[in-house]
Every structure is written in structure tokens, then in C-alpha cells.
Amino acid sequence: MACIVNFPALTNPNQPHASSTLSPVRCSANLSKSLASQLSFVSSFDHGFGSDASIRFHLKKSPTMKAFNSAIVASVKLEPPKIMISGAPASGKGTQCELITKKYGLVHVAAGDLLRAEIATGSENGKRAKEYMEKGQLVPDEIVVMMVKDRLFKPDSKENGWLLDGYPRSLSQATAFKKFGFEPDLFILLEVSEDVLVERVVGRRLDPVTGKIYHLKYSPPENEEIAARLTQRFDDTEEKVKLRLQTHHQNVEAVLSMYENITVKINGNVSKEEVFAQIDSAITNLLEQRKAASGSMAA
């Protein structure tokens, strides 16, 4: 009969007592009870976010040690990646999230979408949130934090990992997020100049049928039928976006202070392909660092 054996978190072996881009990795293995009882510690782990990996377990002194040549190799599942992406309104987070989730299979969780869903249903939380959003102010933490927490605790987020879009937006939100035990592996910050941001927001339109976002200048609708039904979000005006930008700038530095060791700043003024190339490189570097760490532990 097999049993699940849980092992303690593994951190960067090159920086065992310091924060780094390598987050702790927890794992478990499905082993026989007799074999599990002989394991003493983990000596190495192999690659990758949310993928099968090889871990070498040293055995206690027993006849089994000779049979398995002092060690065994078991297949385990590492925790999937947890990534945050942040940036001012219209910095391109939505577009980049589509590209990231397509390549890495993460669950895209957008705090803004969660809020707008509440507003659309006319819930009490939605009514309260709309009042703050119309003023360009942050929605109170007690509303946003619980919605995000509940979404990240759902099975698909736990199984596939998550990409958190536009959250946290304040130090208090980041602190509350950490208290719930959510620790990202990477914090991506899109940096875009303010004049570009205003132009992007004012020209942005939503297709209420498909949910697709268009831009009158940069990504116009495919035909007249779609163009006729496009709507503008109530907070996508020049006046409101400038209020939102002011709020964003006031809070972003405080949020970054929580994640400075895992933050990667991306130039968002270039094309979406160039922006994604920078992000993809950052994620790839993180993967390679984990592989290097596993190699050094195996050595």
C-alpha cells in the first residue's frame, strides 16, 4: 500500500538564510509504507514550476540500502508557480496575462474583473466598490482581499498555479495577502509613461458580447457590427484615469517594498511582443535558477 510522504520546504542552497528569487518548494512522494519509514532527508530536487521532478532520498541504515544502492529516486509534484503582475491602468497587464497563461497554463486572476463582476450583479459589495472606483479611489481591503483569497483557494489555482493581475495595490493589501500565506515567486512590474497610458485608456472599448477589449486606434474592431456594440467602461475617461494614476503612483512603491527581492521591472512602452519577450525571459531565468539550484544540491 502506498502512502504520501511530505517533505519540508526547500530553499535556494546558495542562499539558505536569505531571501531570493527562489521561493520555498514543498513536495510529496507516493511511496510504500515500508520504504517511507526508511527515508531520512532530501538531498536534491530537479527542475520546474508545477512539473514532475526527481528527488533523491537518502535511506536510513537497513537491508534496503544495499538493494537500492544507498538511495532511491521518486517522482514528485512541485508546487506550481505563483506570479504577480502590476502596472498602472492600461499598462498592458491584460494582454500580457493572456500571453503568459497561454504559455505557462496559470490561472489568471484579475482583481479588477472580480470587482466588476460584483458591480454587474448589483451585490452590496459591488455597490460599495463602484462608489470608490468612480472617485478613482482604492476599494476597501475588506472587500477586495476576501474576493481574491477565495479565488486563489479554488482547486484550479492550487493545481495549476496563479497569475495575479493588478493586486495587491496597497501596502495594507500586500500585508493582508501575506497573512493568508500567499507568497509569489515573481513580481512583474510594467512601466509605461503617463502620456501613453492616458491615450490607451481614452481609446479603450469593451465588447459586451465577447468580453474582448479593443482600442479605437491600436486594435480596432473587426467589423461595423462589433464597432456598433462597443462600450466604454465608466472609469475609462481622461479625468478618472488621471485620478487612478495618482492613486497608483502613491501606492506602488510601498507594495514593491514587500517584493523587492523578486521584482522584475519591464519596459511597457514597446510593442506587446517586445514586452512579452522581457517577461518570458524573466520567467525563464527563474526556471533556470531553480534548475541550477537542483544541480548544485545533487552535486
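As the structure is a computational prediction, the values presented were derived from the model and not from experiment.
Within 6.0 Å of OH on Y132 lie no more than 12 heavy atoms contributed by other residues, nucleotides or ligands. Counting heavy atoms of neighbouring residues, nucleotides and ligands inside a 6.0 Å radius, atom NZ of K149 exceeds 12 of them. No more than 12 heavy atoms of other residues, nucleotides or ligands sit less than 6.0 Å from atom CD of E225. Around atom CD of E142, more than 12 heavy atoms belonging to other residues, nucleotides or ligands sit under 6.0 Å away.
Only one option out of R204, R244, K240, K135 pairs with D235 in a salt bridge (charged side-chain N to carboxylate O under 4.0 Å, His left out); it is R244.
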### Full working for side chain to side chain contact (heavy atoms under 4.5 Å, CB included) between K82 and F182
CA-CA 9 Å; K82 306 171 185 66; F182 296 113; 5.9 Å; no
### Step-by-step side chain to side chain contact (heavy atoms under 4.5 Å, CB included) determination, R151 to W162
CA-CA 10 Å; R151 185 63 187 89; W162 42 259; over 6 Å; no
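A salt bridge does not link R169 with D141: none of the charged nitrogens is closer than 4.0 Å to a carboxylate oxygen. K242 and E238 are joined by a salt bridge, as a carboxylate oxygen and a charged side-chain nitrogen come within less than 4.0 angstrom of each other.
No donor-acceptor pair under 3.5 Å is formed between the side chain of D185 and the backbone N or O of I83. Panel note: side chain H249, backbone A88; no donor-acceptor pair is recorded below 3.5 Å. Formation of a donor-acceptor pair under 3.5 Å by the Q278 side chain with backbone atoms of N267 is found in this model. K93 contributes a side-chain N or O that, together with a main-chain N or O of G87, makes up a donor-acceptor pair within less than 3.5 Å. Judged purely by atom type and a 3.5 angstrom limit, N160 uses its side chain to pair as donor or acceptor with the backbone of D156. Q232 places a side-chain N or O within donor-acceptor distance of the main-chain N or O of D236, the cut-off being under 3.5 Å. Side-chain N or O atoms of Q96 include none that pairs as donor or acceptor with a backbone N or O of G92 at under 3.5 Å.
Ring planes of Y259 and F187: parallel class, angle under 30° (limits at 30 and 60°).
What you find for A282 and V264 is that their closest heavy atoms are CB-CG1, 3.9 Å. Among all heavy-atom pairs drawn from A254 and L171, the shortest one is O-CD1, 3.6 Å. Shortest non-hydrogen contact noted between S157 and V107 is OG-CG1, 3.8 Å. When all heavy atoms are compared, the tightest approach of V148 to A111 is CG2-CB, 4.3 Å. The nearest pair of heavy atoms linking S170 to N251 is CB-OD1, 3.7 Å. Residue V241 comes nearest to P89 through the heavy atom pair CG2-CB, 4.3 Å, listed as atom of the first residue, atom of the second, then distance.
Using modelled atom types, one finds a donor on one side chain and an acceptor on the other under 3.5 Å when comparing D195 with S193.
Here the side chains of R200 and V192 are in contact, with some heavy-atom distance below 4.5 Å.
A cation-pi arrangement is absent between K272 and Y218, since the terminal nitrogen or guanidinium carbon is not both under 6.0 Å from the aromatic centre and inside a 45° cone about the axis.
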